[in-house]
Amino acid sequence: MWLTIKEALSSEKLNINVTVKGWVRTFRSNRFIALSDGTTIKTIQCVVDFENFDEFIIKKINTGAAIEVSGNLVESLGKGQTVEVIAEEIKILGEANPEEFPLQPKKHSLEFLREIAHLRPRTNTFGAVLRIRHHLAFAIHKYFNDKGYFYLHAPIITGSDAEGAGEMFKVTTLDLNNPPKNEDGSINYKEDFFGKATNLTVSGQLEAELGALALSKVYTFGPTFRAENSNTSRHLAEFWMIEPEVAFADIFDNMDIAEEFLKYCINYILENCGDDLEFLEQRKIDAEKDLPQDQRSAMPLRETLKFVLENNFERLTYTEAINILKNSKPNKKKKFQYLVNEWGVDLQSEHERFLVEKEFKKPVILYNYPKEIKAFYMRQNDDNKTVAAMDILFPGIGEIVGGSQREERLDVLKQKIADFNIEEEEVWWYLETRKFGTVPHAGFGLGFERLMLFVTGMTNVRDVIPFPRTPKNAEF
RNA sequence: UCCUCCUUAGCUCAGUUGGUUAGAGCGGUUGACUGUUAAUCAAUAGGUCCCUGGUUCGAGCCCAGGAGGAGGAGCCA
């Protein structure tokens, strides 16, 4: 009976004949094969009596080779595992030349593994990350489905450049060496595939709003593209974003939803990915051993996750945050690179980190930002100075959620569009939703990879997505 | 895009003031070993010192330019 390694390890019946298939991790003492098939982080031990096998078979049981082992599933004689397979038959499914196979049983740096992204899923760390990535995506769909949201597929190719969320990748079928030109020398996009200039989406939000203003509660979950030349551990050129949008909701409903949603996802991983979390927790401890004490995590990974579940996110307005920062020690002692001295300035990373990691030591929701530093579609507050925007900041990661109540008043929105120098013709369809049956509504964007960083304890988004796309890197 | 740092064996790194034949650990190979847990022990092979140019009697080391990587900043999710 062919069993996955996950099934074999949890088999209630013992002393049965089983077949397992997987990739060899180590072959110890000419006798013990640690076999992994990725269904679980655990390996199954296959015990080989080498006198019963041809030497050329034994020689091919190398790290990385794919093999099939049949034999009796028994209680293990040794410590370290509960059951093992006493090999009676071994088939070599695919050899791996040990002189060439790069993943040997030793520590490899994350930087090196990025260069072999086609093989890194076979490591413990990336196996755990990819399994968690699946479960986290599933938890997101489950949460929204259970709450009555509809999954809306926003377009990936967009003809609008009004989203205002950064540089876009152009999509074209024109011959780049000889594009059709207008009389003034500019490129004639009327001859392009869509008859206009098009780009990859930087946000599905505007389309999600259209959905919410018909189905009440929707969410998008898809790839998102930013052509920014960002070289940081928190940015990708291609990443996945979740954007719920809810009609009849205001900024405070929005915060409630975001907090409940994040806690649901974190709890789901705690309940469903225990083995992988345990491994990643130890990995993080090992990785931080070389760091000075004050840069190490205050708590082990799973405790950090539980801590977030058990505590309310701290909610404060931008104005309150500015006052706290103004009177903070690093501001008074001029330790901040950017000193906080007046209302209206944009918060820098160092300020956000201070609030999250020093002042409150838990996730923080900042809301009601100055209108000048936020996007055109955010709802103007009655003070005429601020908009109903909210950002959720997580320790070690920074901004994980950015959202707002949307401007539903046509006249106010038209004025904002003019202020931001956006052509009304570009967003005529967006404006019509305010013309016909407009209602208050709100939503937010969650960076999937940033949530992955938090739940896995990894520190670079390039290590929580299978094949990262970053400036100068689109291999695989 | 800006700032800082890095690039030496398959991997992780050391390499003194510029000086002969560039080292270590891990991994690999060969041998030993039938209850190991990244097995252990012994022996052994393995190098375009990122690239281009320059300085010098002599460059892994100094200088200039380039490429790639990492961390931080900005942009943001």
Side-chain angles (χ1 to χ4, degrees), chain A residues 25-34 42-53 58-59 62-64 76-81 84 86-87 96-116 123-124 163-167 202-205 223-243 258 286 290-291 295 337-338 346-350 352-353 373-375 391-394 397-403 444-454 459-465 470-473 475:
Chain A
R25 285 296 177 78
T26 64
F27 186 23
R28 286 186 294 270
S29 194
N30 223 9
R31 184 163 170 75
F32 303 100
I33 302 167
K42 292 177 180 158
T43 55
I44 195 162
Q45 175 155 288
C46 302
V47 184
V48 180
D49 186 344
F50 61 71
E51 287 186 345
N52 296 342
F53 293 90
I58 298 287
K59 290 266 184 210
N62 296 311
T63 299
S76 177
L77 291 176
K79 290 172 184 168
Q81 59 280 320
E84 61 194 15
I86 307 300
N97 182 348
E99 288 183 20
E100 295 177 43
F101 185 62
L103 289 173
Q104 292 301 336
K106 66 178 298 269
K107 253 187 193 154
H108 293 289
S109 66
L110 294 171
E111 290 84 355
F112 172 64
L113 293 174
R114 271 172 224 153
E115 293 171 10
I116 52 167
T123 64
N124 286 332
E163 285 146 338
E167 290 295 309
V202 292
S203 167
Q205 181 204 312
T224 309
F225 307 88
R226 303 271 166 93
E228 299 286 348
N229 194 2
S230 294
N231 293 290
T232 82
S233 56
R234 302 180 308 284
H235 291 85
L236 293 165
E238 176 184 286
F239 65 101
W240 289 67
M241 189 155 65
I242 298 99
E243 294 176 290
D286 292 342
D290 295 333
L291 295 176
Q295 288 176 32
Q337 197 183 339
Y338 296 89
D346 210 348
L347 297 182
Q348 305 291 317
S349 282
E350 58 181 347
E352 296 180 346
R353 272 208 312 277
I373 61 174
K374 288 292 182 182
D391 285 352
I392 302 185
L393 312 175
F394 262 41
I397 293 158
E399 186 178 343
I400 197 167
V401 160
F444 61 86
L446 166 74
F448 185 59
E449 282 75 21
R450 291 193 182 171
L451 184 57
M452 277 293 293
L453 286 185
F454 187 71
T459 54
N460 191 317
V461 282
R462 297 162 194 144
D463 297 327
V464 294
I465 189 169
T470 52
K472 301 275 183 273
N473 181 18
E475 193 69 49

Touch class at under 4.0 angstrom, heavy-atom based, for [X] against every strand present:
X: Val461(A); answer: nothing
X: Gly445(A); answer: sugar-phosphate
X: Pro98(A); answer: sugar-phosphate
X: Lys59(A); answer: sugar-phosphate
X: Glu84(A); answer: base
X: Glu449(A); answer: nothing
X: Leu236(A); answer: base
X: Ile400(A); answer: sugar-phosphate
X: Glu100(A); answer: nothing

What is the separation between atom [atom1] on [X] and atom [atom2] on [N], rounded to the nearest whole Å?
X: Ile116(A); N: G27(B); atom1: CD1; atom2: P; answer: 17 Å
X: Lys79(A); N: U37(B); atom1: NZ; atom2: C1'; answer: 12 Å
X: Arg226(A); N: A77(B); atom1: CZ; atom2: P; answer: 5 Å
X: Phe101(A); N: C11(B); atom1: CZ; atom2: P; answer: 14 Å
X: Glu228(A); N: C2(B); atom1: CD; atom2: P; answer: 15 Å
X: Asp49(A); N: C33(B); atom1: CG; atom2: P; answer: 14 Å
X: Leu453(A); N: C76(B); atom1: CG; atom2: C1'; answer: 14 Å
X: Leu446(A); N: A77(B); atom1: CG; atom2: P; answer: 11 Å

Gap in Å between the two [atom1] atoms, one belonging to [N] and one to [M], rounded:
N: G27(B); M: A39(B); atom1: P; answer: 8 Å
N: G46(B); M: A73(B); atom1: C1'; answer: 42 Å
N: G25(B); M: A45(B); atom1: P; answer: 14 Å
N: A64(B); M: C5(B); atom1: P; answer: 13 Å
N: G23(B); M: C76(B); atom1: C1'; answer: 46 Å
N: A42(B); M: C33(B); atom1: C1'; answer: 12 Å
N: U30(B); M: G69(B); atom1: C1'; answer: 37 Å
N: C61(B); M: U40(B); atom1: P; answer: 37 Å

**OP:** Give a yes/no on whether any side-chain N or O of Ser109(A) is located under 4.0 angstrom from OP1 or OP2 of U12(B).
**Re:**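 Ser109(A) to U12(B) OP1/OP2: side-chain N or O found under 4.0 Å.
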Subject >> Phosphate contact (U37(B) OP1 or OP2) by Gln81(A) side-chain N/O below 4.0 Å >> reply: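 Gln81(A) to U37(B) OP1/OP2: no side-chain N or O under 4.0 Å.
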Backbone N or O of [Y] within a donor-acceptor pair of the [X] side chain at under 3.5 Å?
X: Gln81(A); Y: Ser76(A); answer: no
X: Gln45(A); Y: Glu84(A); answer: no
X: Glu243(A); Y: Gly445(A); answer: no
X: Arg226(A); Y: Val202(A); answer: yes
X: Gln205(A); Y: Gly403(A); answer: no

Subject >> Side chain of His235(A) - closest among U36(B), U12(B), G74(B) >> reply: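 The answer is G74(B).
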Original post:
Of the candidate nucleotides G28(B), C75(B), G35(B), which contains the atom at the shortest distance from the side chain of Asp346(A)?
Top reply: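 Nearest to the side-chain atoms of Asp346(A), counting from C-beta on, is C75(B).
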Could you report the tightest heavy-atom contact between [X] and [Y], atom names first, then the distance?
X: Thr26(A); Y: Pro105(A); answer: CG2-CB, 3.6 Å
X: Asn231(A); Y: Asn229(A); answer: ND2-OD1, 3.3 Å
X: Phe53(A); Y: Ala87(A); answer: CZ-O, 3.7 Å
X: Gly402(A); Y: Asp391(A); answer: CA-OD1, 3.5 Å

Subject >> Residue of the set Val401(A), Leu451(A), Leu446(A) for which side-chain contact (heavy atoms from CB on, under 4.5 Å) holds with Ile242(A) >> reply: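 For Ile242(A), the side-chain contact (heavy atoms from CB on, under 4.5 Å) test succeeds with only one of Val401(A), Leu451(A), Leu446(A), which is Leu446(A).
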Spatial distance of atom [atom1] ([X]) from atom [atom2] ([Y]) [nearest 0.5 Å]:
X: Thr43(A); Y: Arg25(A); atom1: OG1; atom2: CZ; value: 7.5 Å
X: Arg462(A); Y: Arg234(A); atom1: CZ; atom2: CZ; value: 10.5 Å
X: Ile400(A); Y: Phe394(A); atom1: CD1; atom2: CZ; value: 5.0 Å
X: Arg114(A); Y: Asn473(A); atom1: CZ; atom2: CG; value: 10.0 Å

N/O contacts under 3.5 Å, protein versus nucleotides 38-45 of chain B?
{"residue": "A38(B)", "atom": "N1", "partner": "Lys107(A)", "partner atom": "N", "Å": "3.0"}
{"residue": "A38(B)", "atom": "N3", "partner": "Pro105(A)", "partner atom": "O", "Å": "2.8"}
{"residue": "A38(B)", "atom": "N3", "partner": "Lys106(A)", "partner atom": "N", "Å": "3.4"}
{"residue": "A39(B)", "atom": "OP2", "partner": "Thr26(A)", "partner atom": "OG1", "Å": "3.0"}
{"residue": "A39(B)", "atom": "OP2", "partner": "Arg28(A)", "partner atom": "NH1", "Å": "2.9"}
{"residue": "A39(B)", "atom": "N7", "partner": "Ser29(A)", "partner atom": "N", "Å": "3.0"}

Subject >> Summary of protein contacts for nucleotides 66-72 of chain B, nucleotide by nucleotide, where a base hit scores B, a sugar-phosphate-only hit scores S (4.0 Å, heavy atoms) >> reply: --SSSSB
Original post:
Given the rule that a pair is Watson-Crick or G-U wobble with both distances under 3.5 Å, how would you write RNA chain B in dot-bracket, using | for pairs to a different strand?
Top reply: (((((((..((((.....[...)))).(((((.......))))).....(((((..]....))))))))))))....
Subject >> Ring-on-base stacking A77(B) with Phe239(A) (under 5.5 Å, under 30°) >> reply: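 Yes, Phe239(A) stacks on the base of A77(B).
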Original post:
Hey, which of these two, Phe448(A) or Asn52(A), hits RNA chain B nearer its 5' end, going by closest nucleotide?
Top reply: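 Looking at RNA chain B, the more 5' nearest nucleotide goes with Asn52(A).
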